[in-house]
Protein chains: 2
Amino acid sequence: MPETPLDLALDAARVTAQLVDFPSESGTEKPLADAVEAALRALPHLTVDRYGNNVVARTNLGRAERVILAGHIDTVPIADNVPSRLDEDGVLWGCGTCDMKSGVAVQLRIAQTVTEPNRDLTFVFYDNEEVAAHLNGLGHVAEAHPEWIEGDFAVLLEPTDGEVEGGCQGTLRVLLKVTGERAHSARAWMGDNAIHKAAPILARLAAYEPRTPEVDGLRFHEGLNAVRIEGGVATNVIPDACTVTVNFRYAPDRTEEEAEAFVRDYFADCGVEEFIVDDHTGGARPGLNHPAAAAFMAAVGGEARPKFGWTDVSRFSALGVPAVNYGPGEPLLAHKADERVQTSKVLAAEERLRAWLTS
Amino acid sequence: MPETPLDLALDAARVTAQLVDFPSESGTEKPLADAVEAALRALPHLTVDRYGNNVVARTNLGRAERVILAGHIDTVPIADNVPSRLDEDGVLWGCGTCDMKSGVAVQLRIAQTVTEPNRDLTFVFYDNEEVAAHLNGLGHVAEAHPEWIEGDFAVLLEPTDGEVEGGCQGTLRVLLKVTGERAHSARAWMGDNAIHKAAPILARLAAYEPRTPEVDGLRFHEGLNAVRIEGGVATNVIPDACTVTVNFRYAPDRTEEEAEAFVRDYFADCGVEEFIVDDHTGGARPGLNHPAAAAFMAAVGGEARPKFGWTDVSRFSALGVPAVNYGPGEPLLAHKADERVQTSKVLAAEERLRAWLTS
């Protein structure tokens, strides 16, 4: 039994405040995971599993569809902004209010109150989202217990200001290397300048025209950019190596293989001597054509927007589960010392999800 | 009186060995400067001046011409190669044998033996040549006592393998900066990629065709090269700055102003936003058309070669004294642990200079 139990009988705004007052910077989530697990185990309509500091709770009603509500329980480092503070305008201030304890509070309130959902429900609470990808708890669960997170459609309650953000773009990082030969710069003709040989690569990058395909009804926007360039030995030496680091952000209608092939081909005639894939994670289609997603859109209203950045929806997508982001926080306030959330938006998110899952 | 006096009655090879056995890494030249000063003060045909650890000795015979023989007395750090060792093939091994105590030995032998030269002579022995330019003793003398080093022609006894190397090229280093605007690389269109904006600069560099002008009968060879390129904030950020460091090595028929104007003009249409002169030292004409130089060439024989790198002859040139490099060491052996000099070449250099100054 954790020292400070969570009271899920309160409304989602008050549950958010309880969660914020339970510090859980990445790597220190155990006490909060204990509290979440204990609160869920108290609910007889759920079966609860735990793996590390990741907690998964499920209904088992034999419904035709299963949907997943997922959220991370960690926060970025506290910036003298805990405990939470509710001001007279109904704004709750504090670390995690926006990203994403308000979303986690909505998950917990649905778990507490929707005991007879129209679709089977899976609640996922995971750790280490705000740090290196290999630490991510959702990734660990997907690897160790993929059957825990099977489903037809997933909603991540990341901050989206109450709008639905669908899918995500893939991101590929490659190192393009050109080499030359060193020489004293007073006798440059004895060497071969590798920085000069990077000229065609930069020219190709400068000439790039982004593709903006529509995928499942959402307009994505690709990007191909140098994010770093390095070359040089000393100020009197002709450099023998130059490396351009390129980041390709691509729409989810390309597979990882297609994305890599595109970049290789794009720089094919630029004299690249080494092409090194430094990092690669695929995108995720929005999946809004699925019936559960359509019903979700009807319940929450508004128009879905494409998600340009990479998010954990991609992990669901890799498991064959279409996923969207939908949460009460304002994304631009995430990770800020003045992080906050409008409590009315937290309550609205709870109501809309309940409507979807009980209508 | 120094503890270990120099014996200038020995031949130049043996004087070289004495000098090598007198450690004088840059910054620690005082004992050797003391010994050189004492040896020169013992010669009644010379007047001797000292400034710091720099020693200047002159004849004052009222000859029509005055020539300067100059050399630095410091070495790079000793690499377990002192004291000197003479092998059975007549090769003298040790730190400074090549660069340039063999040249200094030739200067001292000429000072000792040529008491009635056909041209007035100035001998310059200076410190801190192997370290930062602002420490260079020849520069300090030129600033404090330019009248000590007035003359019609100068020979620096730097290692040239017994060939005459004339003049030197100038060197200009500039930073070419382009700027952009940061954005998350998932939303690249919100920013402006500074690395891409460097593409025209690299293309201009790659298209450069070097000039190879003949100056005073020597064929120089210019060079315009990127020696460093830097740009990048993080692998998910559109970079807002990129800097290309360019080194222009130019023939001595250009003034410093002309060289800088050339580079500014060369990149005029490449979108450079900041043009920063980071370092600039002018070149030196070979001066081989001067009568003293012509006589020198006739005495030492061979054909003069252009000097591509920057050397201290440029300091003489700035004072209006044409200068060449001519010394017994093999330049490629300078600064090496297996530094050495062929003693027959040291004796030959001494003989040739004596022939020039006594014929």
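Side-chain atoms are counted along with the backbone in the values below, which use heavy atoms only and exclude waters and symmetry mates. Labels below follow one simple rule: chain letters A, B, ... track the order of the sequence lines, proteins then strands, and each chain is numbered from 1. Everything numeric in this text was worked out from a predicted model, so none of it was measured.
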Subject >> Greatest number of heavy atom pairs closer than 4.5 Å to chain B - which of L224(A), L202(A), L205(A), I229(A) >> reply: I229(A)
Subject >> Which portion of V244(A) sits near chain B, non-hydrogen atoms under 4.5 angstrom >> reply: neither
Original post:
What is the distance from atom NE2 of H196(B) to atom OH of Y208(A), rounded to the nearest 0.5 Å?
Top reply: 10.5 Å
**OP:** Please flag which part of N236(A) lies under 4.5 Å from any non-hydrogen atom of chain B: side chain, backbone, both or neither.
**Re:** both
Original post:
Heavy-atom distance under 4.5 Å to chain B: side chain of I201(A), backbone, both or neither?
Top reply: neither
Original post:
Minimum heavy-atom separation for R173(A) to T235(B), with atom names?
Top reply: NH1-OG1, 3.3 Å
Subject >> H221(A) versus chain B, the contacting section by heavy-atom distance below 4.5 Å >> reply: both
Subject >> Heavy-atom closest pair, residues R249(A) and A186(B) >> reply: NH1-CB, 3.8 Å
Original post:
Which residue out of A194(B), A207(B), A199(B), A226(B) racks up the most heavy-atom pairs below 4.5 Å with chain A?
Top reply: A226(B)
Subject >> Under 4.5 Å from a heavy atom of chain B, the part of W189(A) involved >> reply: side chain
Subject >> Among the listed options A188(A), A234(A), G231(A), A206(A), the residue most often paired with chain B at heavy-atom distances under 4.5 Å >> reply: G231(A)
Original post:
Under a 4.5 Å heavy-atom cutoff, which of V237(B), V246(B), T245(B) has the most pairs with chain A?
Top reply: V237(B)
**OP:** Would you please say whether a donor-acceptor pair under 3.5 Å links the side chains of S185(A) and N225(B)?
**Re:** no
**OP:** Counting only heavy atoms closer than 4.5 Å, note whether C242(A) contacts chain B via side chain, backbone, both or neither.
**Re:** side chain
